[in-house]
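First the structure, in the form of structure tokens, and then the observations on it.
One-based numbering along the sequence shown. The structure presented is a predicted model; accordingly, all values stated were derived computationally and were not measured.
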Amino acid sequence: QLKSDDKFPSQKKKTNNKSSWCKLCVSKKALAYKRTKRGLILTMYNSQIANSKKRKMMIPSYSKDWLINSFINDSKFNEMYLSWIENDFNIDFKPSFDRLDDTISYTKDNIQVLTWKENREKSVISVFSKPKGVIQLNKDKKIINVFCSTKDASEKTNISKSSITGCCSKSRNSAGGFLWSWSSCRI
């Protein structure tokens, strides 16, 4: 099928400055690769890096090659991968890497394979099962108080719960004239 030039992305190394593949074909090819075992693991590795940076945590302590080699023939991963394909790539069945301990970054000893649905449900349960502790600090970063939750801190200091949360999440610098940080463990 003949396609117009505007359907092909620019590519400087080509004599006509156009790619051999149209934009739609490039998208289909990329999607097909992301649905291979290797492509899926590589996509998840790149997500781990992005999520680690977003959480202000260390990036994974392992390489993409280690992750691929460790899981490409893993029986649990392969079982989930086949189930994902059998369920027409439904996201609930998609394999996902989960941190065993959510307070630390991705390490070789801190990952497990879950389906995307199991991982999502686990995060919802952990968020609602125990409140996160918060630490109140002065401007010199000396600890003033530790609270079992943002609600507890807000009630005892008369500082807005959302302001404390914003400070802990790094979207605000301070709340009520104090610095705030999540506690490293749930209280």
- Does Tyr62 belong to the same Ile/Leu/Val/Met/Phe/Trp/Tyr cluster as Met58, with side-chain heavy atoms less than 4.5 Å apart forming each link? no

- Query: Any side-chain heavy-atom pair from Arg172 and Thr165 closer than 4.5 angstrom?
  - Reply: no

- Task: Could you tell me whether the side chain of Thr157 reaches within less than 4.5 Å of the side chain of Phe147, counting heavy atoms only?
- Result: yes

- Task: For the residue pair Phe93 and Lys117, establish whether any side-chain heavy-atom pair is separated by less than 4.5 Å.
- Result: no

- Item | Donor-acceptor side-chain pairing of Lys37 and Asn73 below 3.5 angstrom | no

- Lys139, NZ atom: more than 12 neighbouring heavy atoms under 6.0 Å: yes

- Query: Taking the side chain as C-beta and beyond, is there a heavy-atom pair between Arg38 and Tyr33 under 4.5 Å?
  - Reply: yes

- Message: Within this structure, what is the CD-NZ distance for the pair Gln112 and Lys122, rounded to the nearest 0.5 Å?
- Response: 5.5 Å

- Any donor-acceptor pair under 3.5 Å linking the side chain of Asp98 with the backbone of Ile111? no

- Message: Same cluster or not: Met57 versus Tyr45, using hydrophobic residues (I, L, V, M, F, W, Y) connected whenever any side-chain heavy atoms lie under 4.5 Å apart?
- Response: no

- Message: Any non-hydrogen side-chain atom of Ile144 less than 4.5 Å from a side-chain atom of Phe178?
- Response: yes

- Message: Donor-acceptor check, side chain of Asp74 to backbone of Lys76, threshold 3.5 angstrom: yes or no?
- Response: yes

- Item | Side-chain donor or acceptor of Asn110 paired with backbone N/O of Leu100 under 3.5 Å | yes

- Out of curiosity, Lys29 NZ to Ser27 OG, how far, rounded to the nearest 0.5 Å? 12.0 Å

- Trp66 with Met44, same ILVMFWY side-chain cluster at under 4.5 Å: yes

- Item | Side-chain (Glu118) to main-chain (Thr115) donor-acceptor, under 3.5 angstrom | yes

- Task: Measure the spacing between OH of Tyr106 and CZ of Arg99 and express it to the nearest 0.5 Å.
- Result: 5.0 Å

- Item | Interatomic distance, Ile41 atom CD1 to Gln48 atom CD [nearest 0.5 angstrom] | 10.5 Å

- Query: Do any N or O atoms from the side chain of Ser183 and from the backbone of Val134 form a donor-acceptor pair under 3.5 angstrom?
  - Reply: no

- Query: What pair of heavy atoms forms the shortest contact from Cys167 to Asn173, and how long is it?
  - Reply: SG-O, 3.4 Å

- Task: Evaluate the criterion side-chain hydrogen bond (donor to acceptor under 3.5 Å, both in side chains) for residue pair Tyr81 and Glu86; output intermediate values, then yes/no.
- Result: CA-CA 9 Å; Tyr81 176 76; Glu86 289 166 3; over 6 Å; no

- Message: Show, in sequence, the C-alpha distance, side-chain angles and deciding distance for Phe89 and Trp84, and conclude whether the ring pair (Phe, Tyr, Trp, His ring centres under 6.0 Å) test is met.
- Response: CA-CA 5 Å; Phe89 302 102; Trp84 180 49; 4.9 Å; yes

- Message: With clusters defined by side-chain heavy atoms of hydrophobic residues (ILVMFWY) lying less than 4.5 Å apart, directly or transitively, does Ile68 cluster with Ile59?
- Response: yes

- Message: Do Leu40 and Lys94 have side chains that approach each other closer than 4.5 Å (heavy atoms only, starting at C-beta)?
- Response: yes

- Note on the structure: Interatomic distance, CH2@Trp180 vs OG@Ser174, rounded to 0.5 Å, equals 11.0 Å

- Message: Regarding Ser162 and Ser160, do their side chains bring together a donor and an acceptor under 3.5 Å, going by distance alone?
- Response: yes

- Query: How about Thr107 and Pro60: do any of their side-chain heavy atoms sit closer than 4.5 Å?
  - Reply: no

- State plainly whether one hydrophobic cluster holds both Ile85 and Leu31, where clusters connect Ile, Leu, Val, Met, Phe, Trp and Tyr through side-chain heavy atoms under 4.5 angstrom apart. no

- Between Ile164 and Thr150, what is the shortest heavy-atom contact and its length? CG2-CG2, 4.0 Å

- Do the side chain of Ser154 and the main chain of Ile159 share a donor and acceptor less than 3.5 angstrom apart? yes

- Query: Step by step, would you call Phe71 with Phe97 a ring pair (Phe, Tyr, Trp, His ring centres under 6.0 Å)?
  - Reply: CA-CA 10 Å; Phe71 287 95; Phe97 291 118; 4.7 Å; yes

- Note on the structure: Here the pair of heavy atoms bringing Ile143 nearest to Val146 is CG2-CG2, 4.2 Å

- When rounded to the nearest 0.5 angstrom, what distance separates CD1 in Ile135 from CG in Leu179? 11.5 Å

- Query: Is it true that a side-chain atom of Asn138 and a backbone atom of Asp140 form a donor plus acceptor pair closer than 3.5 Å?
  - Reply: yes

- Message: Tell me the closest heavy-atom pair linking Asp152 and Ser149, and the distance in Å.
- Response: N-OG, 3.0 Å

- Message: Within the structure provided, determine whether Val113 and Met80 are in side-chain contact (heavy-atom separation under 4.5 Å).
- Response: yes

- Heavy-atom closest pair (Asn119 atom, Ser96 atom, distance to 0.1 Å) is ND2-OG, 2.7 Å

